[in-house]
Amino acid sequence: MASWPAAVCLRQLMMAKYFGHVRISLQNTLAYRGPIVVWLISNLLTVVAMIFVWRSASAGGLIGGFTKPELISYYVIGLFFQWFTGWTPFYWLKDEIKSGEIVGTLLVKPISPYWQIFCRELGWHLVATPVGSLATLGVFVFARHSFVVYGLWPVVLALASSVLAIFLIFSFSLCLGLLAFWFTHIGTVDAAFWGGKIFFGGQGIPVAFLSPQLIRVAYILPFRYLFSLPLEIYFAKLSPAQIGQGIVMQCLWIVFFVTLFKFMWHRGTRAYTAFGN
Amino acid sequence: MATKMIRYLRLFLSFAKNCFLGELEFRANFVMWIGVNIFWSLVTLLLADMVFGQAQTIAGWTKYEGLILFATQMIFASLLWVFILPNVIKFSLLIRKGELDFVLVKPVSPRFLVATRLVEFDNLPRAAILPFLIGHFLRLGGFYPSGFQVLGYTVLLVLGLFIFANFLFVLMTTNFWFTNIFNLESLADAVLDLGRFPAQIFTGFAKIVLVYLVPAIFIATIPVQFLLGKSSPTVFFYATFVAAASYVVSHQFWRLALRHYSSASS
């Protein structure tokens, strides 16, 4: 009984450390309002272009299993999911490892590296997600006559799947960033990740456009579960059993990458040397 | 005048040699990037093939016309990434670290220095391979352009690069006021991506902004239209006029920005 208040205090102290990281990250993010606007405009240009492409396509009827309004809605909703699920600490993590800053920011801190990095990303997304939502709203107004919604449950399930997608893409990106413990240049790894996400993940075109053989590959690889699965749920393209299978695959990939992260962190910090920090 | 041009050419060749030697310090990384860039091109063309496979035509452009457009845009993007974009990315660092002062005190044009100092070679192989793919698509599409059309296509591509470089230079110059913006290359990439689609897809206000204000039409649509015999030689006058006007505007903007520049006490 005497240890219970101490345990609660300790727990509050630990949570305060994590909240502190969120607060600092949020302050840093607000100092970089300009880059957020640039990314926003870049995303908008791409989405608006795809909307015009499908509007001017001559095909009638179903296009890869989608109607034209569904395809246009795909890119509008996809814009929101890009901002909501874009948790990629790869870029700054590899730079901190390369420069040695990670010694001061992570290695000597009595805090879980996974959750500390997560809190830093959370600070960024507390700003980025509302901004992305506003942008999506703007594009929605532009394309409102073509927009489709299939009811409340697909939206709720799609959001649930996208929360899992956040943890999946975050863990995946962490593992890629930790390669910097062993390799000086890992930019090509990032290019391969984005190639996978665009081709097998549905960010370029819907996964349904791929050939049957490539669709089977997409169902095995993790990329579909980063982006395409929530959209497929939203557009009611999956049966309840298929939704269940997709959610289970997301969970399995999350477990895989979290385990891989722990292994790489343990081995990487043992092999790592830095100076000046 | 000729002596000055030769001097700048020799300077540029020195920069290129220095950058190439820097790339060769990490040979495996250099070779991997060449492979990744070529792989990306093939994936993009595959995606374009799938889009046209589903859509049949887009704004009146057929599948092979569209693939030629995509390949041309990738040649354009490759050359931009070799000569222009590394300098755009570097410029924001020069401003934030106060290192622009070291550029301004040198006895050469500061615009020349900031625009040509860096050259990245990993996109050159991609730019060299893509013309062969374009030739293949021309044959498959039943197009047989004349020598004049091929020459005109090349000239229009070069003019388009010059126009786009001036556009990027104007964007880059805004760093004098917006010093925290370090990701202009993502905006450049997004604008480049606009060029892979026929400019005719855009209508209304979007057409004015995305086709004329942002010179996306010069990336691939104008050169490919000439190559396929869809436009007349008067397009050269239009492209030359825009190239000259874009240079004048970008240079005046640069001079205005320099007048407002205050050193970061380097």
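Scope of the values below: all heavy atoms of this structure, side chains included, with no hydrogens, waters or symmetry mates. Per chain, numbering begins at 1; letters A, B, ... match sequence-line order.
Expressed to the nearest 0.5 Å, how far OG1 of A:T188 lies from CE of B:M32 amounts to 3.0 Å.
Interface check for chain A: of the options B:F52, B:F202, B:F178, B:F39, the most heavy-atom pairs under 4.5 Å are formed by B:F202. Counting heavy-atom pairs under 4.5 Å between each of B:V191, B:L187, B:V36, B:V43 and chain A puts B:L187 at the top. Highest contact tally toward chain A, considering only B:D189, B:L47, B:T44, B:D193, is held by B:L47 [criterion: heavy-atom pairs under 4.5 Å]. Most heavy-atom pairs under 4.5 Å with chain B: of the set A:S211, A:A192, A:G204, A:G195, this distinction falls to A:G195.
With a threshold of 4.5 angstrom between heavy atoms, A:T46 approaches chain B through side-chain atoms but not through N, CA, C or O. Looking at B:V51, the atoms closer than 4.5 Å to chain A (heavy atoms on both sides) sit in the backbone and in the side chain alike. For A:W54, the part lying near chain B is the side chain, with the backbone staying farther off; criterion is any non-hydrogen pair under 4.5 Å. In this structure, chain B has a heavy atom under 4.5 Å from the side chain of A:L214, while its backbone stays farther away. For A:A31, the part lying near chain B is the backbone, with the side chain staying farther off; criterion is any non-hydrogen pair under 4.5 Å.
Here the closest heavy-atom approach between residue B:A190 and residue A:S42 is recorded as CB-O, 3.5 Å. Residues B:I201 and A:S56 approach most closely at CG2-OG, 3.2 Å, considering heavy atoms.
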Item to check | Pair A:L210-B:M50, side chain to side chain contact (heavy atoms under 4.5 Å, CB included): steps then yes or no | outcome: CA-CA 7 Å; A:L210 302 177; B:M50 286 176 187; 3.6 Å; yes

Item to check | Trace of the side chain to side chain contact (heavy atoms under 4.5 Å, CB included) decision for A:F52 with B:T203 | outcome: CA-CA 8 Å; A:F52 274 106; B:T203 56; 3.5 Å; yes

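With A:H185 as the fixed residue, the side-chain contact (heavy atoms from CB on, under 4.5 Å) test singles out one of B:W33, B:F30, B:F26: B:F26.
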